[in-house]
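Ligands are counted one by one from 1 in listed order, and the atoms in each one are counted from 1 as well.
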Amino acid sequence: MKINLISDTVTVPTSGMLDAMMTAKVGDDVFKNDPSVNALEEKVADFFGMEAALFFPSGTMANQAAIKLHTQPGEQLICDKYAHVYNYEGGGVSFNSGVSCRLVDGSRGMMTVDQVEQSINPPDFYHSPLTSLVCIENTTNKGGGACWDFQELKKIKIVCENNGLNYHLDGARIWNALVAKNEDAKAYGSLFDSISVCLSKGLGCPVGSVLLGSREFIDNALRVRKVLGGGMRQSGFLAAAGIYALDNHIDRLQEDHRKAKEIGEVLEKLEFIKKVEPIETNIIIFELDESKLSAESFLGKLEENNISIIGMGQGKLRIVTHLDYTKEMHLHFLKVLKTIE
Ligand SMILES: *Cc1c(COP(=O)(O)O)cnc(C)c1O
């Protein structure tokens, strides 16, 4: 039995999802006549109560297209220092949009409204870059799957409105936040100018992300997606997986969250563990007391048992639970953890 907990992106389609893919009605989406892609876009837009949506091959491309549309070269966006758009998109903010990032020293990937307000450059001070966009991430990836307080997001929205800033949500794992906090997707839809969501994380699809916004915004996003090389043809096979996941794989995220908490409880009791960060969803970030056990030998002992987790740098390790992490694997993993010393 191999247990892969490096990310929730490692899942393969379930048989139900594969059936949906194999029987999908497809067309050529570059001509916008793939019925499955059109249906997915409509379904996700409705789910968030937003006007329109566009299917993308990756979350990175969806975020990058949004940033391109919300900014002009030379401008600046505000995000937390942990943000995916800053850390893990290959420098795309500057490469694609000629934009810089004003990094906020937030907590677990989350900023306060005051931090955001203080990061806005005065628009009439022409020496500094013009601030034009605020990017939020929920749940936070590098922040350990933390969920934002919706009231804080509302306050930041008001600051954006008062300062003429666009407001983008990197919602790669928004599904986890919605389930963990029992929140309404439409409340997010009414707050943000644009939202990107991933189908290939917790929802278990092989490929795909969706960008949401106003009709006009999405019409413009179509050209940016083309420029970035993201126009796909019979992508309805992939969209069908997304439709299936939306119908079948959202509520079950609770199970991933429960397993993550149970893993956390076992980790807390191990004497070589220095710290386990709070666990709100399916991501567990923790540190070892390396005077007792080095991260390297801990990872080695897990590998001996065919269990993979991943290092995050600076002594931090990460475990992510997901759809393919079965109950059997879970019980086995907990047992193995308790034997390590
Ligand atoms: C995974 C992820 C993305 C998108 O990643 P892709 O691998 O390009 O699909 C964007 N933002 C966050 C927070 C993510 O976790």
Side-chain angles (χ1 to χ4, degrees), residues 4-12 40 44 53-68 70 77 79-93 95-97 101 103-104 106 108-111 133-148 153 167-180 188 192 194-212 221 224-225 228-230 232 235 238-239 241-242 245 253 256-257 260 280-285 310 312-313 316 318-323:
N4 189 347
L5 298 170
I6 65 168
S7 174
D8 48 9
T9 56
V10 300
T11 57
V12 296
L40 171 70
V44 183
L54 190 64
F55 187 44
F56 276 77
S58 71
T60 297
M61 197 189 282
N63 281 333
Q64 291 298 317
I67 292 165
K68 183 73 195 163
H70 286 311
L77 65 78
C79 65
D80 184 86
K81 64 182 186 298
Y82 279 0
H84 195 279
V85 294
Y86 173 71
N87 289 287
Y88 301 126
E89 300 191 3
V93 171
F95 190 99
N96 296 313
S97 300
C101 294
L103 298 183
V104 171
R108 302 178 68 223
M110 299 178 291
M111 315 176 274
L133 174 65
V134 174
C135 288
I136 301 290
E137 188 173 311
N138 196 21
T139 69
T140 63
N141 178 338
K142 200 174 159 71
C147 302
W148 281 74
L153 293 175
Y167 199 26
H168 173 69
L169 173 63
D170 175 353
R173 292 194 180 80
I174 188 66
W175 321 105
N176 297 88
L178 294 174
V179 167
Y188 281 87
F192 287 93
S194 58
I195 301 179
S196 67
V197 300
C198 273
L199 303 170
S200 61
K201 303 266 166 83
L203 294 196
C205 293
V207 175
S209 283
V210 178
L211 181 63
L212 300 141
V224 176
R225 187 185 70 173
L228 297 174
M232 299 182 286
S235 38
L238 300 172
L253 291 169
D256 297 346
H257 299 172
E280 294 183 55
T281 55
N282 67 327
I283 303 179
I284 304 144
I285 294 182
I310 202 167
M312 298 281 284
K316 289 186 180 177
R318 188 180 83 168
I319 293 170
V320 189
T321 59
H322 53 73
L323 181 57

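- Among all non-hydrogen protein atoms, the one lying nearest atom 7 (O) of ligand 1 is Thr60 OG1, 4.5 Å.
- In the vicinity of Asn63, heavy-atom distances shorter than 4.0 Å reach the ligand 1 atoms 10 (C), 11 (N).
- Short contacts between ligand 1 and Lys201, defined as distances under 4.0 Å to a heavy atom of the residue, involve ligand atoms 1 (C), 2 (C), 3 (C), 4 (C), 5 (O), 14 (C), 15 (O).
- Near Glu137, the atoms of ligand 1 lying under 4.0 angstrom from a non-hydrogen atom of the residue are 13 (C).
- Rounding to the nearest 0.5 Å places CG of Asn87 at 5.5 Å from NZ of Lys142.
- In this structure, CE on Met111 lies 3.5 Å from CD1 on Ile136, to the nearest 0.5 angstrom.
- For Gly59, a nitrogen or oxygen atom sits less than 3.5 Å from a nitrogen or oxygen atom of ligand 1, counting backbone and side chain alike.
- Here the shortest heavy-atom pairing between Asn282 and His257 reads N-CD2, 3.6 Å.
- Considering all non-hydrogen atoms of both residues, Cys135 and Val85 come closest at CB-CG2, 4.4 Å.
- Note that CD1 of Ile195 is 10.5 Å distant from OH of Tyr167, once rounded to the nearest 0.5 Å.
- Under 4.0 Å from ligand 1, the heavy atoms of Asn141 that appear belong solely to its side chain.
- Within ligand 1, counting atoms from 1 as listed, the ones closer than 4.0 Å to a heavy atom of Ala172 are 2 (C), 3 (C), 10 (C), 11 (N), 12 (C), 13 (C), 14 (C), 15 (O).
- A distance of 4.0 Å separates CG of Asn63 from CG of Asp170, quoted to the nearest 0.5 Å.
- In Val85, neither the side chain nor the backbone holds a heavy atom less than 4.0 Å from any atom of ligand 1.
- Where the criterion is an N or O separation shorter than 3.5 Å, residue side chain and backbone included, Ser209 fails it with respect to ligand 1.
- Paired with Asn141 under the rule side chain to side chain donor-acceptor pair (under 3.5 Å), one option of Arg318, His84, Lys201 passes, and it is Arg318.
- Closest to atom 11 (N) of ligand 1, if we only count protein heavy atoms, is Asp170 OD2, 2.6 Å.
- Looking at Arg173 against ligand 1, only its side chain comes within 4.0 Å, counting heavy atoms.
- Counting the atoms of ligand 1 from 1 in the order shown, those under 4.0 Å from a heavy atom of Ser58 are 8 (O), 9 (O).
- The two residues Val197 and Ile174 have their closest heavy-atom pair at CG1-CG2, 3.7 Å.
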